[in-house]
Amino acid sequence: MLFLDPVYRNAIGATYLIKDNPNKTGYSSEKIQLFLGEVSIILTYEEVANLIPTIDSAKKGCACKNCKCEIPKQIKANTNYVKFIFKSSEKNILDLEDLVKGTLFELEMASVLSFNNID
C-alpha cells in the first residue's frame, strides 16, 4: 500500500510524497505527485527540479516578431512517461513556480532535519 504525505500547497495545486511506509521521515527516492487542477503527474525529485528552467523560460514569453508576446504562455516538459504542455496565464505560471520551489524547499528541509535526527 502506498501513502501520500503532503509536501506543499498553494492556490494552483499541491504536491505529495508517495511513500511505501507512512512512518518514514525525510526524503529519499520516493516519487512526488503534483496536482494541478484536475491533472495529477507523478515525478521524480530531479524532474520537479528540472521544471524550474522551463518555468523561467515561460515567464520570459515568446521572443518572435509575429506574436509580440500575445500568445498564451506555455510550460512544456518531458518526463520518463509523458510529455506535457500547460497553457497558462502569468499568475498561474507564478503560482506554479511557487509550488515547485516550495516543494523543493520542503523536501530539502525534511532531508536536512532527518539527516540530523531532528523531528
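Only this structure's heavy atoms are used, side chains among them; waters, hydrogens and symmetry mates stay out.
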**Prompt:** With a 4.5 Å limit on heavy-atom distance, are the side chains of Ile18 and Leu4 in contact?
**Reply:** yes
**Message:** Apply side-chain contact (heavy atoms from CB on, under 4.5 Å) to residues Thr15 and Val48 and explain how you reach the verdict.
**Reply:** CA-CA 10 Å; Thr15 54; Val48 173; over 6 Å; no
**Message:** Taking the side chain as everything from C-beta on, heavy atoms only, tell me whether Leu94 gets closer than 4.5 Å to Glu97.
**Reply:** yes
**Request:** Would you indicate whether the side-chain heavy atoms of Leu2 and Asp20 approach each other to under 4.5 Å?
**Result:** yes
**Request:** Check step by step if side chain to side chain donor-acceptor pair (under 3.5 Å) holds for Asp98 and Asn10.
**Result:** CA-CA 8 Å; Asp98 173 65; Asn10 71 2; 2.9 Å; yes
**Message:** When you measure from the side chain of Glu47 to the backbone of Thr44, do you find a donor-acceptor pair of N or O atoms at a distance under 3.5 Å?
**Reply:** yes
**Worked check of side-chain contact (heavy atoms from CB on, under 4.5 Å) between Leu99 and Leu34** = CA-CA 9 Å; Leu99 181 64; Leu34 173 71; 3.4 Å; yes
**Message:** Can you tell me how far apart CD1 (Ile118) and CE (Met109) are? Round to the nearest 0.5 Å.
**Reply:** 9.5 Å
**Request:** Report yes if some heavy atom in the side chain of Ile55 is under 4.5 Å from a heavy atom in the side chain of Leu96; otherwise report no.
**Result:** yes
**Request:** Examine distances only and state if a side-chain atom of Ser114 and a backbone atom of Ala110 form a donor-acceptor pair shorter than 3.5 Å.
**Result:** no
**Asked** Should Tyr45 and Leu107 count as side-chain neighbours, where that means a heavy-atom distance under 4.5 Å?
**Response** yes
**Message:** Could you go through Lys101 and Ile52, starting from their C-alpha distance and side-chain angles, then the distance that decides it, and tell me whether this counts as side-chain contact (heavy atoms from CB on, under 4.5 Å)?
**Reply:** CA-CA 8 Å; Lys101 286 183 176 181; Ile52 298 296; 3.5 Å; yes
**Asked** Say you draw a straight line from CD of Gln33 to OG1 of Thr103; how long is it, rounded to the nearest 0.5 Å?
**Response** 12.0 Å
**Message:** Test side-chain contact (heavy atoms from CB on, under 4.5 Å) on Ile42 and Ile32; report intermediate values, then the result.
**Reply:** CA-CA 6 Å; Ile42 297 175; Ile32 300 162; over 6 Å; no
